Each structure stands twice: as C-alpha cells, then as structure tokens.
Amino acid sequence: MAKKILVVDDEPDVLSYLVTFLNDNGFDTVEGKNGKEALEMAKSEKPDLITLDISMPEQSGVRAFRDLQETTETANIPVIVITGVTSEFKKFLLSRKQVDPPVAYFEKPIDREEVLAEIKKILKV
C-alpha cells in the first residue's frame, strides 16, 4: 500500500507540482492550502508524512508546525518544510526549544532527487 503524504502550500502551482511529483513516484497525496487546513487534514487523513510551506495565509506554517507537534494525534507524523523562505529562517526554526525541529528542510526551488531521497529515507521505502 502506498504511503500517504499531506502536501500543504498556498501557491496552487507549487501545490500541483509537488502533488504530481509525489504521485509520479508512487505516493498517495492529500492537499492543504494553509496552516489551518494542515492540522485538520493531518487529523482526518492520518498521513505518513507532511510537507509544509512556511509562508501561508490564515495560519503560518510555523504555527501549523507547532500545532502539529503539540497535538497528540499528529505529534508523531514527520514534517518536511519546503519553503521559499531564506536559510536564516531555517536557523530560527531549528533553534526553537518549544518543539522538535522538522525532519528535513528544503528551499524552493527544490532538488527533486534530493527531496525524493529524503522522503524515501524517512518513510523507509
């Protein structure tokens, strides 16, 4: 059975690109368009992994990431941050003491092979 990945990004083109890329590589996907949907979808869909943008409307990816970590039913789902936000932000995100850091962090535009290799490593596929 294919592993399920929740892809969260507010940019329709990026969302479509990531979903297509992951589907083409054998993963099932579900989509969220903002941080609020990320938590709702994670609870209802129980994905094996989440890719999360940082800069989004309604609720930022930072807040969504914290909520995912602090919610019992989603706390163990690995999160990969895929964002256009600078590497300075990566230092900030990785230095926060309130929550564990994401399992991986990639800046857009992504290196597809690098992202795919990381996803396969995390999901052990």
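Note that the coordinates shown come from a computational prediction; the quantities given were computed from them, not determined experimentally.
Shown here is Lys46, whose NZ atom has more than 12 heavy atoms of other residues, nucleotides or ligands within 6.0 Å. More than 12 heavy atoms of other residues, nucleotides or ligands shown are found within 6.0 angstrom of CG on Asp24.
To the nearest 0.5 angstrom, Ile122 atom CD1 is 11.5 Å from Asp48 atom CG. Here OG of Ser44 is found 10.0 Å from CD of Glu37. Values are rounded to the nearest 0.5 Å. Considering CZ of Arg66 and CD of Gln59, their distance stands at 8.5 Å, rounded to 0.5 Å. In this structure, the separation between CG on Leu68 and OG1 on Thr74 is 4.5 Å, given to the nearest 0.5 Å. In this structure, CZ on Phe106 lies 13.0 Å from OG1 on Thr83, to the nearest 0.5 angstrom. Atom OG1 of residue Thr51 and atom CD1 of residue Ile119 lie 7.0 Å apart, to the nearest 0.5 angstrom.
Using a 4.5 Å heavy-atom threshold, the side chains of Val19 and Glu31 count as touching. When side chains are defined from C-beta on, Thr71 counts as touching Lys43, because their heavy atoms get closer than 4.5 Å. For the pair Tyr17 and Arg112, the minimum side-chain heavy-atom distance is below 4.5 Å. Within the 4.5 Å cutoff, no side-chain heavy atoms of Asp28 are placed close to those of Lys3. Looking only at side-chain heavy atoms (C-beta outward), Val7 and Ile5 come within less than 4.5 Å of each other. Side-chain atoms of Leu6 and Leu49, non-hydrogen and from C-beta on, never get closer than 4.5 Å to each other. Residues Val30 and Lys4 have side chains in contact (heavy-atom distance under 4.5 Å, counting atoms from C-beta outward).
Hydrophobic clustering of Ile, Leu, Val, Met, Phe, Trp and Tyr side chains at less than 4.5 Å, counting indirect connections, unites Val125 with Leu18. In terms of hydrophobic clustering, with Ile, Leu, Val, Met, Phe, Trp and Tyr side chains grouped at heavy-atom distances under 4.5 Å, Leu123 and Leu22 are assigned to a common cluster. Side-chain heavy atoms closer than 4.5 Å link hydrophobic residues (I, L, V, M, F, W, Y) into clusters, and following such links, even through other members, never connects Met56 to Ile110.
Scanning all heavy atoms of the two residues, the minimum distance from Val8 to Ala38 falls at CG2-CB, 3.8 Å. Considering every non-hydrogen atom in both Pro47 and Ala42, the closest pair reads CD-O, 3.5 Å.
Side-chain N or O atoms of Thr20 include one that pairs as donor or acceptor with a backbone N or O of Ser16 at under 3.5 Å.
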Might you work through the side-chain contact (heavy atoms from CB on, under 4.5 Å) test for Phe21 and Val115, ending with a clear yes or no?
CA-CA 10 Å; Phe21 166 64; Val115 171; 4.2 Å; yes

Run the side-chain contact (heavy atoms from CB on, under 4.5 Å) check on Leu116 and Phe27 step by step: do they pass?
CA-CA 11 Å; Leu116 185 60; Phe27 297 101; 3.8 Å; yes

side-chain contact (heavy atoms from CB on, under 4.5 Å) between Ile80 and Ile50: does it pass, once the steps are laid out?
CA-CA 6 Å; Ile80 293 178; Ile50 299 168; over 6 Å; no

Evaluate the side-chain contact (heavy atoms from CB on, under 4.5 Å) criterion for residues Ile82 and Asp9: first the C-alpha distance (whole Å), next the side-chain angles of each, then the deciding distance (0.1 Å), finally the verdict.
CA-CA 9 Å; Ile82 297 180; Asp9 200 299; 5.7 Å; no

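Taking the charged nitrogens against the carboxylate oxygens, Lys108 and Asp53 do have a contact shorter than 4.0 Å, which makes a salt bridge.
Val62 pairs in a side-chain contact (heavy atoms from CB on, under 4.5 Å) with only one of the listed residues (Asp67, Leu52, Val81, Ile54), which is Ile54.
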